[in-house]
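Below: one structure, written as structure tokens.
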Amino acid sequence: MKRILVTGGAGFIGSNYINHILKERDDYFIVNLDKLTYAGNLENLKESENNPNYCFVKGDITNSELVEYLFKKYEIKYVINFAAESHVDRSILGSEIFYRTNVIGTNVLLETARRHEVQKFLQISTDEVYGSLGDEGLFTELTNLSPNSPYSSSKAGADMMALAFYHTYGMPVSVTRCSNNYGPFQFPEKLIPLMIINALNNKNLPVYGDGMNVRDWIYVIDHNKAVDLVFEKGKSGEVYNIGANNEMPNIDIIKLILQILGKPETLIHYVKDRPGHDRRYAIDASKIENELGWKPSFNFETAIDYTIKWYLENQKWWERIISGDYQKYYSIQYSAK
Ligand code: NAD
Ligand code: DAU
């Protein structure tokens, strides 16, 4: 049995990972450590909560006593660090919590993992650490890091620290850098769910700048299959880019969402640009394809349809979030425990 500490497993990508991997593998025991910030939601994990190979702990990765206690109690030998403050716009409004969680929190996990001689530490990172591309070219693992937002600079710091633990202490660390994810359970502050929900509510769709910023979209399950592969087979000290070769300008995605939902383009409203807005991200994923045999299995047309359908069918999930009811749900759920 692999005894794995998964952090941030109540968020979008982490919960999809846990729900997916517990169906795939019966030799994993997962301890999910999550602070349940505004972005963490235990409703995402309903299908996993009674699995005997899973347990949830509410707590902060910056709490070194708690992390040490969990390593001892559960005899943790593997770490997958999804936990982060993840939203660029929030990092622009206030950066402190980003450096606290993403940098200090990762340091606490690395130091504890070092003491306990873990067999793998997988740091989940992002293509945003590379900065912004012009019209041409792709990010490879050799592209210089040039992060532009408080969020991406905190992630770059965490990447460098994780790799330093490999070089200095020989810790078996790998880093993944993925492009923009979409799919079920994504918090409605991010582009795709925000636009779906606003369109369903006949509210304005706020487009930053000229709408021509480009992102490279990947379905969350494809990301998590790559995470699993790097976790199982990735080399220590190595970085793996993950992307599905699906670049799109924001405005094209927004128009597609409106078209699928049968809503008018008059809902589109151009607003003030995001400060320091990166123009274009695009991933070269040939290393993980050639070395580990990964390939994305979902195409955008099918997976965006499925994602929109999911938000239509799970209205209660996002209504509770946008009305603030999730906080009430949480205190009812835990007040007696
Ligand atoms: P998310 O914001 O949906 O989830 C983050 C989770 O981390 C939440 O459950 C939150 O409660 C938890 N968390 C935050 N601070 C914590 C702390 N101090 N201690 C314990 N738990 C804490 O984020 P996401 O979109 O699922 O992203 C997950 C990871 O993947 C992040 O590291 C992010 O940088 C990375 N990533 C995201 C994308 C994307 O497109 N969303 C792409 C590439 C990489
Ligand atoms: O590239 C990976 C990154 O993708 C992850 O590391 C981050 O955690 C994740 O949040 C995401 O960052 P982005 O800033 O690219 O995602 P976001 O959904 O916030 O924005 C996508 C694009 O849409 C970006 O160009 C800004 C634009 N946008 C976003 C919002 C929320 C708008 O035009 N209007 C909006 O209201």
Side-chain angles (χ1 to χ4, degrees), residues 6-17 32-42 44-45 57-63 66-67 80-92 97-98 100-102 104-106 108-109 123-130 132 139 147-149 151-152 154-155 158-159 176-183 185-195 198 204-218 220 223-224 226-227 241-243 248-251 253-254 268-274 276-283:
V6 171
T7 67
F12 162 49
I13 302 174
S15 62
N16 274 289
Y17 170 79
N32 173 14
L33 172 61
D34 195 297
K35 186 180 170 186
L36 298 182
T37 67
Y38 76 94
N41 187 344
L42 290 179
N44 303 3
L45 292 153
V57 178
K58 181 180 186 283
D60 192 324
I61 60 168
T62 65
N63 181 343
L66 173 66
V67 173
I80 306 179
N81 183 25
F82 289 99
E85 289 292 337
S86 69
H87 193 40
V88 174
D89 293 330
R90 287 183 193 251
S91 81
I92 295 168
I97 189 66
F98 283 75
R100 185 183 295 277
T101 287
N102 301 358
I104 306 290
T106 301
V108 166
L109 295 171
Q123 174 65 10
I124 305 299
S125 187
T126 166
D127 61 356
E128 295 202 12
V129 297
Y130 296 121
S132 187
F139 297 133
N148 291 316
S149 71
Y151 162 69
S152 55
S154 70
K155 293 295 289 185
D159 280 24
T176 56
R177 295 188 182 137
C178 189
S179 61
N180 286 61
N181 285 223
Y182 64 99
F185 300 120
Q186 186 165 30
F187 197 87
E189 66 190 354
K190 306 283 165 60
L191 180 79
I192 288 183
L194 179 79
M195 297 301 159
N198 280 14
N204 288 344
L205 310 191
V207 182
Y208 298 158
D210 62 2
M212 290 306 290
N213 296 66
V214 170
R215 296 294 183 263
D216 188 355
W217 294 93
I218 183 171
V220 63
H223 178 188
N224 282 328
V227 165
N241 281 354
I242 304 168
M248 288 178 78
N250 297 332
I251 193 66
I253 297 208
I254 291 165
I268 294 174
H269 276 245
Y270 288 89
V271 298
K272 196 165 163 281
D273 207 355
R274 171 186 282 175
H277 197 173
D278 287 338
R279 191 63 174 169
R280 174 173 165 258
Y281 303 149
I283 280 273

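Just follow the structure's listing: the first ligand is 1, and inside any ligand the first atom is 1.
The shortest N or O to N or O distance between Thr62 and ligand 1 is not below 3.5 Å. The N/O atoms of Arg215, backbone and side chain alike, include one that comes under 3.5 Å of an N/O atom in ligand 2. Considering backbone and side-chain atoms together, Glu189 places no N or O closer than 3.5 Å to any N or O of ligand 1. Of the N or O atoms in Tyr281, none lie within a sub-3.5 Å distance of an N or O in ligand 2. Polar contact check, Thr126 against ligand 1: no nitrogen or oxygen pair lies under 3.5 Å apart. Between Ile61 and ligand 1, a contact under 3.5 Å exists for at least one N or O pair. For ligand 1, none of its N or O atoms has an N or O atom of Leu33 under 3.5 Å away. The shortest N or O to N or O distance between Asn81 and ligand 1 is not under 3.5 Å. Residue Thr101 has at least one N or O atom closer than 3.5 Å to an N or O atom of ligand 1. Considering backbone and side-chain atoms alike, Tyr151 places an N or O below 3.5 Å from some N or O of ligand 2. Checked by distance only, ligand 1 and Asn181 come closer than 3.5 Å through their nitrogen or oxygen atoms. Remark: ligand 1 and Phe12 share an N or O pair separated by less than 3.5 Å (distance only, no angle test). Of the polar atoms of Asp34, at least one N or O is found under 3.5 Å from an N or O of ligand 1, judged by distance alone.
Evaluated by nearest non-hydrogen atom to atom 29 (C) of ligand 1, the leading choice among Phe82, Tyr151, Tyr182 is Phe82. Here the shortest heavy-atom distance to atom 24 (P) of ligand 1, taken over Ile124, Ile13, Val227, belongs to Ile13. Within the set Gly40, Ala158, Ala84, the minimum heavy-atom distance to atom 14 (C) of ligand 1 is found for Ala84. Ranked by closest heavy atom to atom 11 (C) of ligand 2, the top entry among Asn250, Val129, Asn180, Val207 is Asn180.
The pair Asp34-Lys58 fails the salt-bridge criterion, with no side-chain N (NZ, NE, NH1 or NH2) lying under 4.0 Å from an Asp/Glu carboxylate O. Residues Arg215 and Asp127 are not paired through a salt bridge, judged by the lack of any N-O separation under 4.0 Å between the basic side chain and the carboxylate. Ion pairing of Arg177 with Asp159 is present here, as a side-chain N (NZ or NE/NH1/NH2) and a carboxylate O approach within less than 4.0 Å.
Atom 19 (O) of ligand 2 has as its closest protein heavy atom Arg274 NH2, 2.9 Å. In terms of protein heavy atoms, atom 2 (O) of ligand 1 is closest to Ser86 OG, 2.7 Å. The nearest heavy-atom contact from the protein to atom 21 (N) of ligand 1 is Lys35 N, 3.1 Å. Considering only non-hydrogen protein atoms, atom 4 (O) of ligand 1 sits nearest to Gly11 CA, 3.4 Å. The nearest heavy-atom contact from the protein to atom 44 (C) of ligand 1 is Ser125 O, 3.0 Å. Looking only at heavy atoms of the protein, atom 32 (O) of ligand 1 is closest to Lys155 NZ, 2.6 Å. In terms of protein heavy-atom proximity, atom 1 (O) of ligand 2 is closest to Asp127 OD1, 2.5 Å. Atom 18 (N) of ligand 1 has as its closest protein heavy atom Asp60 OD1, 2.9 Å.
A donor-acceptor pair shorter than 3.5 Å can be found between the side chains of Asn148 and Asp278. For the residue pair Asn32 and Tyr17, no side-chain donor N or O sits within less than 3.5 Å of a side-chain acceptor on the partner. Checked by atom type, the side-chain pair Asn102/Ser154 shows a donor-acceptor distance below 3.5 Å. Inspection of the Thr62 and Lys35 side chains reveals no N or O donor paired with an N or O acceptor under 3.5 Å.
Of the possible polar contacts, none joining the Ser15 side chain to the Ala10 backbone as a donor-acceptor pair under 3.5 Å is found.
Separation of the Tyr130 and Tyr281 ring centroids does not fall under the 6.0 Å cut-off.
Stacking of Arg90 on the aromatic ring of Tyr38 is recorded, both the 6.0 Å distance cut-off and the 45° axial limit being met.
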